[in-house]
Amino acid sequence: MNIENIGHRFTEIVNTPEWKKLQEKYNKCSDIYVLGHGGNMGVADHTAVDMTRLSNGTKNAMCPGSCVVATSLINDTDFTQWMVAWLQQRTSTRTNGQMKKSLVYGISSSGTSKDVIKALQWASDNGMETCLLTAKPIKEEIKGLTQVLLGVDYYHTAECLSLLLQYQLTHGSGKECPPIGQNSPEDLEKLNWNKGVREHSYPDEQINLGIDFDKVIHKCSKGFYDGTVYDDPIEGTEEALKKLSSKYTLICYTAKAKPDRGLVNGKTGTELVWEWLKKQKFDKYISKVTSEKPRAVAYIDDKAVRFTDWDSCFNDLKDLNII
């Protein structure tokens with residue numbers, strides 16, 4: 001299945017001016033009205049729940065996700081107007097000041113969802129902030145609309161990206177998305193860094209250990225070669241991983257996992273690394289394979305030059321014939 005290099009697209013999107021504008025709108029608004037069409041209604045409903053849950057009381061997000069609500073309003077109006085009717089009901093007691101701190105957050109893969117577009121137009125006309133996540137730009141001009149283009153061709157990629165991006169909004173508002181199994185209110189309170197000063201900004205800076213893949217785990221005796229993971233493990237790797245994983249969460253980082261790397265034999269570099277780890281029975285020790293340097297207590301890397309001060313660093317670089 002073609003997932004259109006979703007990790008790379010995610011990184012590109014969150015570095016656009018449009019995304020930065022959306023993040024600003026999200027951060028200042030307390031009421032979020034999330035609207036989606038078709039499969040994106042499920043994404044929108046999920047989005048509203050987690051925006052509220054992860055905000056620790058700073059966001060009130062809602063979505064007309066019930067079939068009772070949808071069918072009732074469609075029957076009372078028509079299909080293109082039912083989301084407008086829902087917004088009218090939800091905001092009937094809101095003051096002008098509250099409307100200005102409200103965001104209508106639309107999701108539409110095709111950019112042709114008339115019910116979502118009309119709701120965005122109504123919101124704009126009534127002084128609300130508006131945004132739209134869409135794979136294809138809409139034709140309608142809506143004043144003040146921030147349109148974030150996903151730039152993908154498949155519905156499945158667009159829907160998955162839309163869900164990932166709502167978590168980025170949470171992260172960008174100063175909250176944190178919890179690891180699996182750490183999503184109770186008490187855990188969220190501990191994770192949110194803006195609640196007070198901590199010795200470490202992230203708990204995983206004390207529980208993760210970053211390990212380079214090539215020439216630390218995998219011999220990589222011929223370098224990049226044909227792009228595959230072709231070699232044997234470094235001697236002693238299994239014993240080392242077993243011992244280290246008993247105390248730390250091991251994160252494997254490698255340039256092979258970079259999202260802009262082309263497929264090799266129809267597989268991503270991340271897939272190839274995981275296949276090799278499973279073949280060697282190392283996968284039970286590794287928590288994650290990533291192209292990014294993870295937050296960690298330490299890094300094990302064959303190319304690392306330990307820094308204490310610049311004089312010592314330059315001496316080490318000279319010894320390695322780097323400078």
Subject >> Minimal non-hydrogen separation, C252 against I286, with atom names >> reply: CB-CG2, 3.9 Å

Subject >> A257 to V289 - nearest heavy-atom pair and separation >> reply: CB-CG1, 4.4 Å

Subject >> Between Y248 and N208, a side-chain donor and acceptor under 3.5 Å >> reply: no

Subject >> Distance in Å, C63 SG paired with M51 CE, rounded so as to fall on 0.5 Å steps >> reply: 10.5 Å

Original post:
Which ILVMFWY residues are connected to L317, directly or by a chain of links, through side-chain heavy atoms under 4.5 Å apart?
Top reply: V305, F307, W310, F314, L320, I322, I323

Subject >> Minimum-distance pair of heavy atoms, taken over all atoms of S291 and P259 >> reply: OG-CD, 3.8 Å

Original post:
With no hydrogens and no angle check, do the side chains of S312 and D309 hold a donor and an acceptor under 3.5 Å apart?
Top reply: yes

Original post:
Atom NZ of K175 and atom SG of C177: how far apart are they, to the nearest 0.5 Å?
Top reply: 12.0 Å

Subject >> Listed once per pair and sorted, the salt bridge (charged side-chain N to carboxylate O under 4.0 Å, His left out) pairs that draw on residues 90-110, sequence neighbours left out >> reply: D31-R94

Original post:
In terms of side-chain geometry, is the basic nitrogen of K258 or E292 positioned less than 4.0 Å from the acidic oxygen of its partner?
Top reply: no

Original post:
Heavy-atom count around N265 CG within 6.0 Å, excluding the residue itself: above 12?
Top reply: no

**OP:** Please report the shortest heavy-atom distance between T71 and V68, naming the atom on each side.
**Re:** OG1-O, 3.5 Å

Subject >> Beyond-backbone contact of T47 with L163, side-chain heavy atoms, under 4.5 angstrom >> reply: yes

Subject >> Cluster companions of L263 among Ile, Leu, Val, Met, Phe, Trp, Tyr (side-chain spacing under 4.5 Å) >> reply: none

**OP:** State the OG1-CD distance between T112 and E140, to the nearest 0.5 angstrom.
**Re:** 9.0 Å

Original post:
Hey, what else clusters with Y253 if you join Ile, Leu, Val, Met, Phe, Trp, Tyr whenever side-chain heavy atoms sit under 4.5 Å?
Top reply: Y299

**OP:** Considering only Ile, Leu, Val, Met, Phe, Trp and Tyr, and joining two whenever side-chain heavy atoms are under 4.5 Å apart, list the other residues clustered with L87.
**Re:** Y33, L35, M41, M62, V69, L73, I74, F79, W82, M83, V84, W86, M99, V104, V116, I117, L120, W122, M128, L132, I138, I142, L145

**OP:** With sequence neighbours left out, write down each residue that passes ring-ring contact (aromatic ring centres under 6.0 Å, His included) with Y230, or none if nothing qualifies.
**Re:** H218, Y225

Original post:
Who pairs with S113 by side chain to side chain donor-acceptor pair (under 3.5 Å), at least two apart in sequence or on another chain?
Top reply: S108

What pairs of donor and acceptor atoms, side-chain ones from residues 272-283 against any protein atom, are under 3.5 angstrom apart with sequence neighbours left out?
{"residue": "E275", "atom": "OE1", "partner": "K267", "partner atom": "NZ", "Å": "3.2"}
{"residue": "E275", "atom": "OE2", "partner": "K267", "partner atom": "NZ", "Å": "2.5"}
{"residue": "W276", "atom": "NE1", "partner": "D231", "partner atom": "O", "Å": "2.9"}

Original post:
Can you name the residues that form a ring-ring contact (aromatic ring centres under 6.0 Å, His included) with H46, not counting sequence neighbours?
Top reply: none

Original post:
How many angstroms lie between atom CD1 of I251 and atom CG of L209, to the nearest 0.5 angstrom?
Top reply: 9.0 Å

Original post:
Just how far is it from atom CD of E4 to atom SG of C160, taken to the nearest 0.5 Å?
Top reply: 10.5 Å

Subject >> Check: K20 and N15 side chains under 4.5 Å, non-hydrogen atoms >> reply: yes

Subject >> Any side-chain heavy-atom pair of L22 and L165 under 4.5 Å >> reply: no

Subject >> From S109 atom OG to L161 atom CG, the distance as rounded to the nearest 0.5 Å >> reply: 9.5 Å

**OP:** Return the set of residues passing side chain to side chain donor-acceptor pair (under 3.5 Å) with K118 (not counting sequence neighbours), or none when no residue passes.
**Re:** none

Original post:
Listed by chain and number, what are the side chain to side chain donor-acceptor pair (under 3.5 Å) partners of N27, not counting sequence neighbours?
Top reply: Q23

Original post:
Is any side-chain heavy atom of P137 less than 4.5 Å from a side-chain heavy atom of Q147?
Top reply: yes

**OP:** Would you mind reporting whether I107 and H37 have side-chain heavy atoms less than 4.5 Å apart?
**Re:** no

Subject >> Nearest heavy atoms of T130 and S124, plus distance in Å >> reply: CG2-N, 3.9 Å

Subject >> side chain to side chain donor-acceptor pair (under 3.5 Å) partners for D125, two or more places apart >> reply: Q121

Subject >> S110 to T134 - nearest heavy-atom pair and separation >> reply: C-OG1, 4.1 Å

**OP:** Evaluate the criterion salt bridge (charged side-chain N to carboxylate O under 4.0 Å, His left out) for residue pair E235 and K219; output intermediate values, then yes/no.
**Re:** CA-CA 9 Å; E235 186 177 348; K219 281 185 178 179; over 6 Å; no

Subject >> Presence of salt bridge, D316 and R306, under 4.0 angstrom >> reply: no

Subject >> NZ/NE/NH1/NH2 to OD/OE distance under 4.0 Å, R9 and E12 >> reply: yes

Original post:
Side chains of V216 and I234: closer than 4.5 Å at any heavy-atom pair?
Top reply: no

